[in-house]
Amino acid sequence: MQIRPARTSDIKGIRQLIDSYAPQGRLLTKETVTLYESVQEFTVAVEGNEVIGCGALHILWEDLAEVRTVAVSEKVRGKGVGHQILESIIDRAKNIGVERIFCLTFETEFFARHGFEVIEGTPVEPEIYKELLRSYDAGVAEFLDLESVKPNTLGNTRMLKKL
């Protein structure tokens, strides 16, 4: 198995992973065009030519990013693939200067093992809050805990990790 940045040729595999979790509401579905547009955000786990796991790092602000779309093939679930993907994403966040990583998840124990903690409210300064309100990104709205997304889209837990 190899953990690496995603390539455009990986999008079909990422799409399959998302589609395997979206019907149960465990992940939000995304348009394929959106996946191609954000391919540079994704890290993948591959065996041969098969994508067996994925996750994305989406920058929200100078010191803040969101971990998105972490998914692992059911056939390798519980074998550490998700942990390796998340560790790679955390390392990438540190390397580009992010100080905090946010996620929305049902997998609270998984993220807690990586230092994420459940949060309430919006952990940003008022000036940054005003700037983030200008974003059209649904993840930013979830992070800001806006009324427009309450209860949040999937009913999952908001967590944050300080790097």
Side-chain angles (χ1 to χ4, degrees), residues 1 3 5-6 10-32 34-35 37-39 41-47 50-61 63-94 98-124 132 135-163:
M1 178 189 63
I3 305 289
D10 297 322
I11 295 301
K12 289 178 184 171
I14 293 170
R15 159 95 284 140
Q16 290 174 340
L17 285 172
I18 292 170
D19 290 348
S20 72
Y21 285 97
Q24 308 96 343
R26 291 169 64 195
L27 276 181
L28 287 176
T29 191
K30 296 183 187 306
E31 297 296 332
T32 304
T34 303
L35 295 174
E37 289 171 346
S38 59
V39 67
E41 296 181 356
F42 276 90
T43 296
V44 293
V46 293
E47 274 187 343
E50 182 183 3
V51 175
I52 58 169
C54 67
L57 178 69
H58 182 77
I59 304 301
L60 300 177
W61 197 251
D63 66 337
L64 179 67
E66 181 182 2
V67 175
R68 293 182 170 178
T69 320
V70 176
V72 174
S73 171
E74 286 294 337
K75 70 181 181 181
V76 295
R77 214 174 138 103
K79 297 186 178 177
V81 176
H83 290 285
Q84 290 182 55
I85 290 169
L86 185 55
E87 284 301 318
S88 178
I89 290 169
I90 291 168
D91 288 344
R92 185 165 174 231
K94 289 176 184 176
V98 170
E99 296 173 6
R100 298 175 297 159
I101 304 176
F102 164 73
C103 71
L104 288 163
T105 186
F106 290 110
E107 304 293 336
T108 55
E109 290 179 20
F110 170 79
F111 281 94
R113 285 193 299 271
H114 291 272
F116 285 77
E117 297 178 355
V118 175
I119 60 167
E120 298 292 331
T122 306
V124 292
L132 289 173
S135 175
Y136 294 103
D137 189 282
V140 171
E142 297 273 15
F143 174 74
L144 295 177
D145 201 25
L146 299 180
E147 290 294 326
S148 62
V149 294
K150 286 183 176 178
N152 67 34
T153 311
L154 298 174
N156 45 19
T157 302
R158 300 165 68 241
M159 298 182 81
L160 188 73
K161 175 183 175 70
K162 293 179 182 176
L163 304 179

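Because only heavy atoms are used, hydrogens play no part in the values below, and waters and symmetry mates are left out as well, while side chains stay in.
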Item to check | Within 6.0 Å of CD in Glu109, more than 12 heavy atoms from elsewhere | outcome: no

Item to check | Spatial distance of atom CG (Leu35) from atom CG (Asp10) [nearest 0.5 Å] | outcome: 11.5 Å

Checklist outcome for this item: Result for side-chain contact (heavy atoms from CB on, under 4.5 Å) between Thr157 and one of Leu104, Ile119, Val118 points to Val118

Next on the checklist: Salt bridge check, Lys75 against Glu50: does any charged N sit closer than 4.0 Å to a carboxylate O?
Outcome noted: yes

Checklist entry - How many angstroms lie between OG1 in Thr43 and CG in Leu57, if you round to the nearest 0.5 Å? => result 7.5 Å

Checklist entry - Given Glu107 and Arg77, is the salt bridge (charged side-chain N to carboxylate O under 4.0 Å, His left out) satisfied, shown in steps? => result CA-CA 13 Å; Glu107 304 293 336; Arg77 214 174 138 103; 3.5 Å; yes

Checklist entry - Between Ile11 and Thr32, which heavy-atom pair has the shortest distance, and what is it? => result CG2-CG2, 4.3 Å

Checklist entry - Looking only at heavy atoms, which two atoms of Val51 and Leu17 are closest? And how far apart? => result CG1-CD1, 3.8 Å

Residues 81-89 side chain polar contacts: donor-acceptor under 3.5 Å, at least two apart:
unit_1 : atom_1 : unit_2 : atom_2 : d
His83  : ND1    : His114 : NE2    : 2.5
Glu87  : OE2    : His114 : ND1    : 2.6

Next on the checklist: Rounded at 0.5 Å granularity, tell me how far CZ in Arg100 sits from CH2 in Trp61.
Outcome noted: 11.5 Å

Checklist entry - Please walk me through it: do Val67 and Thr105 pass side-chain contact (heavy atoms from CB on, under 4.5 Å)? => result CA-CA 10 Å; Val67 175; Thr105 186; over 6 Å; no

Next on the checklist: Determine whether a donor-acceptor pair (N or O, by modelled atom type, separation under 3.5 Å) exists between the side chain of Tyr21 and the backbone of Thr69.
Outcome noted: no

Item to check | Exercise: identify the closest heavy-atom pair between Gly25 and Phe106 | outcome: O-CE1, 3.3 Å

Item to check | Exercise: identify the closest heavy-atom pair between Met1 and Ala45 | outcome: SD-CB, 4.0 Å

Checklist entry - Side chains of Leu160 and Leu64: does their closest heavy-atom pair fall under 4.5 Å? => result yes

Item to check | CA sep, side-chain torsions, deciding dist, call: Phe116, Ile90, side-chain contact (heavy atoms from CB on, under 4.5 Å) | outcome: CA-CA 11 Å; Phe116 285 77; Ile90 291 168; 4.3 Å; yes

Item to check | Point-to-point distance, once rounded to the nearest 0.5 Å, from OG of Ser20 to CZ of Arg26 | outcome: 8.0 Å

Checklist entry - What heavy-atom pair brings Leu27 and Ile18 nearest, and what distance separates the two atoms? => result CD1-CA, 4.1 Å

Next on the checklist: Let me confirm one number: the CZ-SG distance from Arg15 to Cys54, rounded to the nearest 0.5 Å.
Outcome noted: 10.5 Å

Item to check | Between CD1 on residue Ile59 and CD1 on residue Ile101, distance to nearest 0.5 Å | outcome: 8.5 Å

